[in-house]
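Source: prediction; values computed, not measured.
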Amino acid sequence: MTQALSLATEGNNGTLNASDLKSIATQISGIRDEVLSLANTTYMNRYIFAGSQGHVAVYPRLRSNAEHSHL
């Protein structure tokens with residue numbers, strides 16, 4: 001999470017070009033995916049953070065607007 005904050009701050013400084021910003025966005029997407037994967041950890045086919053709804057992913061991955069535009 002600290003890395004994501006650092007990347008967001010770096011991306012917001014106004015001095016980076018489009019390629020640099022795309023690279024930061026890719027890195028942040030990777031961090032997001034890793035966090036979601038951890039949040040949706042399963043044990044014996046049950047999501048461990050889902051409480052009584054163990055068969056349902058707690059945090060489903062939603063597509064971003066950029067990902068929607070590629071459909």
Side-chain angles (χ1 to χ4, degrees):
M1 294 305 293
T2 302
Q3 180 66 17
L5 180 59
S6 295
L7 288 166
T9 301
E10 181 182 346
N12 195 38
N13 72 13
T15 63
L16 301 177
N17 63 36
S19 177
D20 294 332
L21 293 173
K22 185 171 183 166
S23 176
I24 288 173
T26 300
Q27 291 177 67
I28 290 175
S29 291
I31 293 168
R32 177 203 57 208
D33 292 346
E34 184 176 345
V35 169
L36 287 175
S37 176
L38 292 171
N40 287 319
T41 298
T42 60
Y43 176 73
M44 296 180 67
N45 296 321
R46 306 274 298 172
Y47 292 97
I48 64 173
F49 297 114
S52 64
Q53 300 294 316
H55 62 284
V56 178
V58 181
Y59 300 99
R61 185 181 182 287
L62 302 175
R63 290 182 286 187
S64 69
N65 288 338
E67 291 170 318
H68 283 290
S69 67
H70 290 57
L71 296 177

**Student:** Do Thr9 side-chain atoms and Leu5 backbone N/O form a donor-acceptor pair below 3.5 Å?
**Tutor:**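 Present.
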**Student:** Taking all non-hydrogen atoms of both residues, which atom of Glu10 and which atom of Leu16 are closest, and how far apart?
**Tutor:**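 It is O-CD1, 3.4 Å.
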**Student:** Using the rule that Ile, Leu, Val, Met, Phe, Trp and Tyr join whenever any side-chain heavy atoms are under 4.5 Å apart, tell me whether Leu36 and Ile48 fall into a single cluster.
**Tutor:**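 Yes, one cluster joins them.
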**Student:** Going only through I, L, V, M, F, W and Y residues with side-chain contacts under 4.5 Å, is there a path from Phe49 to Leu38?
**Tutor:**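 Each belongs to a different hydrophobic cluster.
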**Student:** Look up atom OH in Tyr59 and atom CG in Asn40, then write down how far apart they are to the nearest 0.5 Å.
**Tutor:**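 One gets 8.5 Å once the value is rounded to the nearest 0.5 Å.
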**Student:** What heavy-atom pair brings Gln27 and Gln3 nearest, and what distance separates the two atoms?
**Tutor:**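 Smallest heavy-atom distance, with atoms named: OE1-NE2, 4.3 Å.
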**Student:** Indicate yes or no: at least one non-hydrogen side-chain atom of Leu7 is less than 4.5 angstrom from one of Ile31.
**Tutor:**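 Heavy-atom side-chain distance check passes, below 4.5 Å.
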**Student:** Are Ser37 and Glu34 side-chain neighbours, meaning at least one heavy-atom pair lies under 4.5 Å?
**Tutor:**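 A side-chain contact under 4.5 Å is absent here.
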**Student:** Would you say CG of Asn17 has more than 12 non-hydrogen atoms from neighbouring residues, nucleotides or ligands within 6.0 angstrom?
**Tutor:**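 Yes, the 6.0 Å shell around CG holds more than 12 heavy atoms from other groups.
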